[in-house]
> 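I'd like to ask some things about the structure below.
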Amino acid sequence: MPETTELSPQYSPTAIEAPLYQEWMARGLFKPETRRSDDPFVMVIPPPNVTAQLHMGHGLNDTVQDVIVRFERMRGRETLWVPGTDHAGIATQNVVERLIAKEGKNRRDIGREAFVERVKSFVAETGSTILEQLKAIGCSCDWSRTRYTFSPEMSRAVREVFVRLWDEGLIYRGHRVIHWCSHCLTSLSDEEAEHTEHDGHLYHIRYPLEDGSGHVTVATTRPETLLGDVAVAVNPEDEPKQKFVGKRVRLPFNGELIPIIADEAVELGFGSGFLKITPAHDPNDFEIGQRHKLPAPLILTPDAKLADLSLEGKAGGRVPAELFGMDRFEARRVMVEQLKHLKLLDKIEPHRNAVRHCYRCDTIVEPRLSDQWFVKIRPLAEPALAAYRNGEVKFIPERRGREYEQWLENIRDWNISRQLWWGHRIPIWYCDACKTTKAYREDPSSCEKCGGALRQDEDVLDTWFSSWLWPFSTLGWPDQTPDLERFYPTDVLVTAPEILFLWVARMIFSGLHFMKQLPFHTVYLHGTVRDTQHRKMSKSLGNGIDPLDVVQLYGADALRFTVINGLSVGTDIILDNTDLEATFASGRNFANKLWNVGRLVLSHAESLSADSGPRPAASWPLADGSKLALSDRWILSRLDRCVRETTDHLERFRLNDSTGTPYHFLWDDFADWYLEAIKPRLYGDEPGGDVARAVAVHCFDTVLRLLHPVMPFITETLFRKLPGNADATIVLAPWPAGDRNDTAAEEDFAFVQALVDAIRVIRADAGVKPGQTVAASVAGLTAKTRASIDAERVTIMRLGKLSSLDEAAASGPGGYGVLPAGASVFVALSGAIDIQKECARLGEECSRLEKQLSALEAKLANEKFLAKAPPDVIATEREKRASWAEKIGTLRAKVKALGC
RNA sequence: GGGCGGUUAGCUCAGUUGGUUAGAGCGCUACGUUGACAUCGUAGAGGUCACAAGUUCGAAUCUUGUACCGCCCACCA
């Protein structure tokens with residue numbers, strides 16, 4: 001056998017994948033410059049955190065993108081998939097802080113500058129790990145355009161955006177209660193503080209009245225904050241309580257005297273009707289406090305310990321010595337005990353409420369009064385909302401669009417300042433001399449107004465304040481680069497639904513605002529990877545699957561196929577981390593099947609080119625129909641149907657169907673039927689081998705292309721073994737077209753299949769040994785069905801393991817099968833047949849059909865059905881009735897003949 | 001509290017505008033060393049399509065209700 005067609009008998013993915021990837025890169029196949037077109041297809045990767053290690057979430061996300069981009073590349077479009085990483089402010093800072101904690105230090109010991117340097121060197125060491133891992137699963141990114149959200153270029157874009165928003169009056173300093181993470185020691189945006197429901201308690205606490213006339217009872221979930229209370233409020237509509245308004249109560253523990261006020265924010269009918277007001281530690285209370293011009297004492301340190309602080313410069317003495325420095329939850333426990341002793345605790349009710357958690361460390365977020373930078377969001381959100389409502393941006397699945405819409409309708413200003421050291425420093429400088437505050441594109445040396453010394457804001461920007469610019473900052477903005485010109489806007493954004501608001505929506509804001517164009521027209525949001533208990537795969541649960549393990553064991557193609565094949569639109573993907581063998585069996589088995597089909601086809605492909613010169617163009621033997629056997633016409637028609645459907649599925653992002661369609665074609669139609677049908681021709685037992693080889697090669701070549709997006713490595717390997725393809729690459733091979741629709745051939749071959757199936761069933765039921773041949777007769781043929789049998793006589797004989805096949809009425813002992821179009825088949829089984837069993841089998845089938853038929857006849861006798869159902873439905877039902885009746889007739893005749 | 005999904009074979013899921021004998025993969029059973037493949041082949045078992053009512057000639061598919069599961073949003077302490 002010539003060397004070019006030689007494939008190792010054993011499919012071993014690890015041997016082929018890595019070298020192929022290197023070669024693809026060396027040839028620059030993933031660079032848009034490799035093939036220019038007028039309609040580039042562009043995607044930007046959701047940048048993984050720079051400290052990340054590849055997990056199944058990436059495995060899924062990046063495979064989906066690769067499938068899409070490879071599909072578009074094969075369709076002839078110039079493609080660009082921009083890779084990169086995110087500096088991930090909080091997450092990365094936490095990682096490095098943990099590292100230096102092992103050295104017994106914290107970041108303040110080291111100092112800001114040194115700490116930032118430390119993080120930078122950490123990132124320099126490990127930052128490319130994840131990108132290298134993406135190569136192992138075959139991602140066809142243009143690595144020459146790799147970006148990083150904290151590179152100097154990105155920093156310039158961030159500065160530009162900040163200054164522009166500042167100049168437009170869309171950035172302001174806000175004094176309000178924000179979400180504070182006492183572990184990460186920073187404020188968070190609304191989106192970074194996630195709600196979780198908790199079973200908590202509602203504590204009813206007595207506040208004694210100043211005049212000694214009794215007490216009022218407040219209801220709270222957070223007793224420890226009472227030290228920061230500045231009032232008790234009742235609803236003005238709450239008549240019985242109006243007599244308390246204007247009086248004062250004395251706070252337990254610190255004896256502060258606070259007024260009772262009336263405010264309509266107090267919900268009627270909730271709790272005790274008395275609301276304690278803690279302006280510095282509750283956003284509602286802050287607003288009530290503002291309305292009543294109350295102070296706002298802070299009574300918690302940044303790391304959530306009781307202490308006396310105040311932004312108002314007042315207060316002090318609110319936290320008694322015995323509680324000072326105590327953690328908030330410990331304080332709650334202690335204070336509740338104390339209140340019990342003091343007989344100031346009326347009752348504790350169970351109470352379920354939602355508490356916000358830090359999305360990075362899961363610590364319960366503390367509402368905290370502070371000064372932060374905000375982006376005025378409505379002016380940005382309105383156009384983004386309009387774009388959705390106009391249908392300019394589409395979400396898959398659609399319901400995610402409704403979530404997007406709902407979020408935009410209720411959106412609030414975006415807190416963009418973080419009290420971290422790792423991130424883009426806020427480009428605001430203060431002049432203490434002339435009291436100006438200004439945003440600068442370039443670091444200023446002195447105040448441009450008075451020449452005085454400047455002081456830069458200490459905070460850094462939210463990580464998402466750089467990633468929201470990703471679709472254009474990666475292309476060179478704010479410069480008008482050729483890339484920006486050519487590749488913006490991008491086409492499809494593929495990501496997980498978790499970051500719809502954090503990232504996707506904001507990219508739409510920034511794209512519309514700074515580029516005046518949507519950053520992409522389609523947002524594809526795939527599900528989450530979960531284990532068999534439907535828990536999200538995570539490091540902490542230890543239920544993850546390392547994609548690289550899977551690549552090592554079964555290959556990237558098997559991984560990719562399994563994941564994509566299991567990915568229905570809008571559903572999560574469930575994988576069993578305890579049984580990788582079973583989990584990835586579908587992908588591995590299919591790759592193996594493909595490989596072996598390849599071995600068969602390719603071993604004959606070489607003689608094709610030897611016999612017929614260069615491999616025939618797609619027009620042959622397709623144009624010369626006269627030489628095609630029925631099976632050839634059938635498989636070519638099936639193939640083109642498969643091409644059309646696969647294309648359609650990919651266009652509609654029905655990714656599981658896009659793999660399922662060629663899977664079934666390759667396995668069920670091509671391998672199980674066609675290859676078996678042509679073996680006699682392939683091996684020279686029958687004439688027409690050249691045509692069979694040509695058709696087989698054409699089908700195989702085509703299905704390889706259809707599978708290339710999902711299984712890039714194996715398809716490339718097999719593709720190059722096709723005659724004349726030694727130097728070709730499937731990466732840039734044209735996507736096939738499928739115009740043929742030979743319904744006559746499909747119908748005729750289906751009859752052949754039904755005949756073979758019937759014979760096989762009879763054999764299996766009678767327990768005929770696989771090696772033993774039997775004689776079969778068919779009856780009730782029409783000219784058409786007779787022609788079909790004649791056309792594929794050899795196939796039927798082979799697959800039915802027949803010694804003879806003639807047209808005759810049934811006689812003697814044997815098995816009986818009913819075929820479409822009034823035909824029937826009889827297999828003579830002298831002696832071998834168990835009459836009892838055969839009678840039972842036929843009787844069963846007969847009664848099943850009779851039951852169906854009587855239901856159908858009732859339907860056809862129904863006047864209303866005849867009057868209202870569409871004519872084509874009625875016609876179909878009548879055809880069914882005729883064919884079933886015919887089947888029953890032949891079955892009955894057989895039953896009678898057998899003397900059952 | 002507001003909004004939105006889901007419930008189909010042991011498991012994971014298809015089922016596109018209501019008309020099929022309700023499908024696939026994995027798993028399971030029986031048989032099989034047939035000129036590529038035992039990571040395979042052939043045959044097969046397995047489902048009252050969550051439950052109830054309704055619309056319709058006809059419902060897994062549409063409507064309403066119930067139960068359970070899940071997602072998004074949320075300043076009733």
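Quantities reported herein were computed from a predicted structural model and do not represent experimental measurements. Order of the sequence lines sets the chain letters (A, B, ...), proteins ahead of strands, with each chain counted from 1. Values reported hereafter were calculated over all heavy atoms of this structure, with side chains retained and with hydrogens, waters and symmetry mates removed.
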> Output all residues satisfying side-chain contact (heavy atoms from CB on, under 4.5 Å) with A:A231, sequence neighbours left out; order by chain, then residue number.
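Only A:P259, A:I261, A:I277, A:L294 meet the side-chain contact (heavy atoms from CB on, under 4.5 Å) criterion with A:A231.
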> List for me each residue that meets side-chain contact (heavy atoms from CB on, under 4.5 Å) alongside A:R881, sequence neighbours excluded, and say none if there are none.
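Testing A:R881 for side-chain contact (heavy atoms from CB on, under 4.5 Å), a comparison that skips the adjacent residues, returns A:L853, A:L856, A:E857, A:L860, A:R878.
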> Let me have a per-nucleotide readout for nucleotides 70-77 of chain B, 5' to 3', with B, S or -, counting only protein heavy atoms under 4.0 Å.
-SSSBBBB
> Quick one: side-chain hydrogen bond (donor to acceptor under 3.5 Å, both in side chains) partners of A:E409, sequence neighbours excluded?
A:R389
> If we take the P atom in both B:G3 and B:U17, what is their distance in whole Å?
26 Å
> Decide whether a cation-pi geometry holds between A:K276 and A:Y207; the criteria are a distance under 6.0 Å from NZ or CZ to the six-membered ring centre and an angle within 45° of the ring axis.
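No, A:K276 and A:Y207 do not form such a contact.
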> Please give, in whole Å, the distance from B:U21 P to A:K887 NZ?
11 Å
> Answer whether the closest heavy-atom distance between the side chains of A:H198 and A:R352 falls below 4.5 Å.
no
> For A:R412, enumerate each residue passing the side-chain contact (heavy atoms from CB on, under 4.5 Å) test, keeping only those at least two apart in sequence or located in another chain.
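By the side-chain contact (heavy atoms from CB on, under 4.5 Å) rule, A:R412 matches A:D190, A:R356.
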> Anything under 30° is parallel, anything over 60° is perpendicular, the rest tilted; go ahead and classify A:W407 against A:F501.
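Ring orientation, 0 to 90° scale: parallel.
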> Among pairs that include at least one residue of residues 568-580 of chain A, which meet salt bridge (charged side-chain N to carboxylate O under 4.0 Å, His left out), considering only residues two or more places apart or in two chains?
A:R530-A:D572
> I'd like to check the ring-ring contact (aromatic ring centres under 6.0 Å, His included) partners of A:F590; sequence neighbours left out, ordered by chain and number.
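With neighbours one apart ignored, the set is A:F561, A:Y663.
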> Collect all protein-nucleotide pairs involving nucleotides 15-18 of chain B in which both atoms are nitrogen or oxygen and the distance is under 3.5 Å.
residue: B:G15; atom: OP1; partner: A:R654; partner atom: NH2; Å: 3.2

> Select base, sugar-phosphate, or nothing to describe what A:T571 touches, counting heavy atoms under 4.0 Å on all strands.
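It contacts sugar-phosphate atoms only.
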> Dot-bracket for RNA chain B, please, read 5' to 3', with Watson-Crick or G-U wobble pairs under 3.5 Å on both distances, ( ) within the strand, [ ] crossing, | other strand, . unpaired.
(((((((..((((.....[...)))).(((((.......))))).....(((((..]....))))))))))))....
> Could you list the residues that satisfy side-chain contact (heavy atoms from CB on, under 4.5 Å) with A:Y554, not counting sequence neighbours?
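Residues passing side-chain contact (heavy atoms from CB on, under 4.5 Å) with A:Y554: A:V550, A:A558, A:L580, A:E581, A:F584, A:R588.
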> Quick one about A:Q406 and A:R402 (side-chain donor to acceptor, distance below 3.5 Å, no hydrogens or angles considered), yes or no?
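Checked: A:R402/A:Q406 side chains show no N/O donor-acceptor pair below 3.5 Å.
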> Reading nucleotides 27-40 of chain B 5' to 3', which nucleotides get B (base under 4.0 Å from a protein heavy atom), which S (sugar-phosphate only), which -?
-----S-BBBB-BS
> Report the residues that fulfil ring-ring contact (aromatic ring centres under 6.0 Å, His included) with A:W595, sequence neighbours left out, ordered by chain and then residue number.
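A:W595: ring-ring contact (aromatic ring centres under 6.0 Å, His included) contacts with A:Y11.
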